[in-house]
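These notes concern the structure reproduced below.
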Number of protein chains: 2
Amino acid sequence: MKYKKRTPVTKITIQDVALAAGVSPATVSKVLNAVPYVSAETESRVRAAMDRLNYRPSSIARSLKIKSTSTLGLITNDLEGVFTMSMMRGVEEVATQQGFSVFLCNSYGEAERERAHLLVLMDKHIDGVILLNGFRVGERPAPALPVGNIPVVYLFQYTHELAVPSIIPDDFGGAVMGTQHLLDCGHRRIGVINGPANYEATHERLKGYRQTLEAAGIPFDPALIRAGKWYESSGYALAHELMSQPNPPDALFCMSDSLAVGAMSALRERRLRVPDDISIVGFDNRAFAAHQTPPLTTVLLPLVEMGRLAGELLLQAIQTGQQTGEIHRVPCQFIQRASTRLTA
Amino acid sequence: MKYKKRTPVTKITIQDVALAAGVSPATVSKVLNAVPYVSAETESRVRAAMDRLNYRPSSIARSLKIKSTSTLGLITNDLEGVFTMSMMRGVEEVATQQGFSVFLCNSYGEAERERAHLLVLMDKHIDGVILLNGFRVGERPAPALPVGNIPVVYLFQYTHELAVPSIIPDDFGGAVMGTQHLLDCGHRRIGVINGPANYEATHERLKGYRQTLEAAGIPFDPALIRAGKWYESSGYALAHELMSQPNPPDALFCMSDSLAVGAMSALRERRLRVPDDISIVGFDNRAFAAHQTPPLTTVLLPLVEMGRLAGELLLQAIQTGQQTGEIHRVPCQFIQRASTRLTA
DNA sequence: CTGAAAGCGCTAACAA
DNA sequence: TTGTTAGCGCTTTCAG
């Protein structure tokens, strides 16, 4: 009776519930937030009123009061990049699971747009932000706008200007896996078709290859190494080059699945059967890898897992209020399919 | 590793600005919202105070008052689908441009998750929602949760249960373009490699092909038509089938770029040069189409444009408060590259 | 255990 | 033109 009744046709508020349950709004708030010291009897009466009225608390009003929105921002520099999606999926997954929503923002790689997004995100009081790179792992500067004390994580990139977590794949480890598998298959002359030198990944992967080889007592032979673009056409051309040498490789480690597809097509032209005559391993585990003939053995880039980790680290930072400037290298995963096999 | 601890920071409010400018909060609000009848002198004083204090209004507080958040929800059933990204890009583009933010939600195609997302989106007071399909165009039921009076648009899908706008590509028109081009090149026996029958697109496209042929006075020959999966391997197999017939086609219209890539590889095996011996046209304009050898002539699926339209229609509905249950077919676009050419 | 009261930061009548 | 006054719907001391 002491609480003003409001028109029930509009939004149902905590007041309405209080009135219906014969308690005060404060009490309703308490059951809403699972605050202890509410009698079971009162609680059930309130709960009953809530779902009788079909009550849904307003996150806006709540946010205004508690200064937190259960919302995070995801700013990507490339919404078309081949790797972007999977990482986003991982982020969305853990965010949703923990009751957070994610704002999707595309900066197109432009600082000005990033600034603008950061501005509105901060106005909207997001609790944290992920800066996602869709192209290639690399270093980048601080956010285009000082984010004050809101937590940040770098995904598929890293920075030294801020003490925030970064998440990148373990390219080195992935190359070790691929190389070791080929070694285990009995191959001794393993050719490499790599990507452009301006990707850190190409160096990491080559290093992984080289180190694994040397650990197995096999000398590194520069004649077996080629590099070009990441595309199929490059794989095609370089495989031909590699195979037309006097002492050609008996296996090919292609540092992207596209490269591998191109190489397979060259191999086919040379009447070499995969995997009978030559084994081939790709990298990335793109969707099409499984649909090749034969299905491509490859090294999975742990994109979804990286996205998940990004989400987890961000949520953790939001909850604990602190974060460390650590670089997390997420391990790759070896995917055995039919383009490699044990040699006799 | 360095720890970054977050320090509490006192937010600057409209009060602070009012105080600093020697006016009332109401007046500051007025300049903020460009309400007329504020003297130029006062306005500039307020503005000065605002940026001296580095003031940023709280959208939360504002939203609570005005009951609108300049935010929309985007719920996709597939965050890995090949078409999803481009559509999202279009949506994000127009949203950002009009000062809206977009919440990214993945339903994984499950009604329960869609419901859950819708629930929190509505709690967060979004102004509208886009239901995006990442797989294939098709009909679907109403949203998994009654959305009351908030505007909805269906993207890459449509419904008859709700009078809301739907946006789909004009597959028929796209097929007409591809076929007409091949006709213009001088081809008369145009083979078709199609996708699975459980995609509406395959029927629309075949219809476009057939109608264009007949309009040109060329009888439809079922022997020239093949269908299978959308994958490369299918294109490869079906191209072989088609070409091993007594009277083989002199051109191939593949209803996806993947199919076209597979077909090209079969053609290469048969020692047929593209485009010298045979022309080939794809569909979709996936990223890899441009990187084939030769670069693939194809029909662009207008995904980004569709995303944009979805955003525009939604924003329009938000502004006008009304929407119509119309199905918008966005035209495809012909992309000429090097896999087709005029025959002598 | 429950409720009254005081806001969170902003907007919108209505006065002045 | 500008300021006063009420809230938007919720949380949170602090009394009772």
Side-chain angles (χ1 to χ4, degrees), chain A residues 1-47 49-50 53-71 120 122-125 127, chain B residues 8-47 49-50 53-70 120 122-125 127:
Chain A
M1 346 290 138
K2 312 185 204 148
Y3 302 111
K4 287 189 282 187
K5 187 166 60 171
R6 40 185 32 80
T7 34
V9 41
T10 350
K11 167 85 174 159
I12 286 165
T13 77
I14 203 172
Q15 299 265 0
D16 301 313
V17 176
L19 197 65
V23 298
S24 77
T27 300
V28 177
S29 174
K30 278 169 195 147
V31 350
L32 227 38
N33 296 287
V35 170
Y37 308 127
V38 175
S39 77
E41 197 273 325
T42 304
E43 173 171 352
S44 67
R45 220 168 57 242
V46 170
R47 289 236 127 84
M50 291 200 306
L53 298 183
N54 223 295
Y55 170 68
R56 290 252 98 211
S58 154
S59 343
I60 297 282
R62 177 156 213 275
S63 294
L64 178 59
K65 189 67 190 164
I66 71 178
K67 269 123 186 43
S68 127
T69 52
S70 291
T71 293
V120 339
M122 291 177 73
D123 290 349
K124 289 203 165 143
H125 257 95
D127 297 324
Chain B
V9 116
T10 41
K11 168 89 173 147
I12 287 165
T13 77
I14 203 172
Q15 297 267 1
D16 301 316
V17 176
L19 201 63
V23 298
S24 77
T27 300
V28 178
S29 173
K30 278 169 195 147
V31 349
L32 227 39
N33 296 288
V35 170
Y37 307 128
V38 175
S39 77
E41 198 273 325
T42 304
E43 172 170 353
S44 67
R45 219 169 59 242
V46 169
R47 290 236 128 83
M50 291 201 303
L53 298 183
N54 223 295
Y55 170 68
R56 293 251 94 211
S58 153
S59 344
I60 298 281
R62 177 155 213 275
S63 294
L64 178 58
K65 187 68 191 169
I66 70 177
K67 270 128 183 44
S68 127
T69 52
S70 291
V120 339
M122 293 176 74
D123 289 349
K124 290 204 164 141
H125 257 98
D127 296 324

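Naming: A, B, ... by sequence-line order, numbering from 1 per chain.
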**Prompt:** Could you give the angle between the helix axes at the two ends of the helix from C:dC1-D:dG16 to C:dA16-D:dT1, with five pairs per end, rounded to 10 degrees?
**Reply:**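 Between the axes fitted at each end of the helix from C:dC1-D:dG16 to C:dA16-D:dT1 lies an angle of 40°.
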
In whole angstrom, what separates [X]'s [atom1] from [N]'s [atom2]?
X        : N      : atom1 : atom2 : value
A:Leu19  : C:dG3  : CG    : P     : 12 Å
A:Tyr37  : D:dT13 : OH    : C1'   : 16 Å
B:Glu41  : D:dT1  : CD    : C1'   : 12 Å
B:Lys124 : D:dC10 : NZ    : C1'   : 16 Å

Counterpart residues, side chain to side chain donor-acceptor pair (under 3.5 Å), relative to [X] (two or more places apart):
X        : answer
B:Ser44  : none
A:Ser70  : none
A:Asp123 : B:Arg56

**Item:** Pairs satisfying salt bridge (Lys or Arg N to Asp or Glu O under 4.0 Å), at least one member in residues 23-43 of chain A, at least two apart
**Value:**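 Of all non-adjacent pairs touching residues 23-43 of chain A, those that pass salt bridge (Lys or Arg N to Asp or Glu O under 4.0 Å) are A:Glu41-A:Arg45, A:Glu43-A:Arg47.
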
**Request:** Ignoring backbone atoms, test whether A:Ser24 places a side-chain nitrogen or oxygen under 4.0 Å from the OP1 or OP2 oxygen of C:dA4.
**Result:**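 No, A:Ser24 has no side-chain N/O under 4.0 Å of OP1/OP2 on C:dA4.
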
**Asked** Just to confirm, is there a sub-4.0 Å distance from OP1 or OP2 of D:dT2 to any side-chain nitrogen or oxygen of B:Ser39?
**Response**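 It does, given that an N or O in the side chain of B:Ser39 lies less than 4.0 Å from OP1 or OP2 of D:dT2.
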
**Asked** So how far is it from B:Ile14 CD1 to B:Met50 CE, rounded to the nearest 0.5 Å?
**Response**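 Spacing of CD1 (B:Ile14) from CE (B:Met50) equals 9.0 Å.
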
**Prompt:** What is the distance from atom CG of A:Leu19 to atom CD1 of A:Ile12, rounded to the nearest 0.5 Å?
**Reply:**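 Answer rounded to 0.5 Å: 12.0 Å.
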
**Fill in**
Scoring nucleotides 9-16 of chain C by protein non-hydrogen atoms under 4.0 Å (B base, S sugar-phosphate only, - none) yields BBBB----

**Item:** Under 3.5 Å: donor-acceptor pair, side chain of B:Thr69, backbone of B:His125
**Value:**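 At least one qualifying donor-acceptor pair exists.
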
**Message:** Using side-chain heavy atoms (C-beta onward) and a distance below 4.5 Å, is A:Arg62 in contact with A:Asn33?
**Reply:**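 Side chain of A:Arg62 against side chain of A:Asn33, heavy atoms only: contact under 4.5 Å found.
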
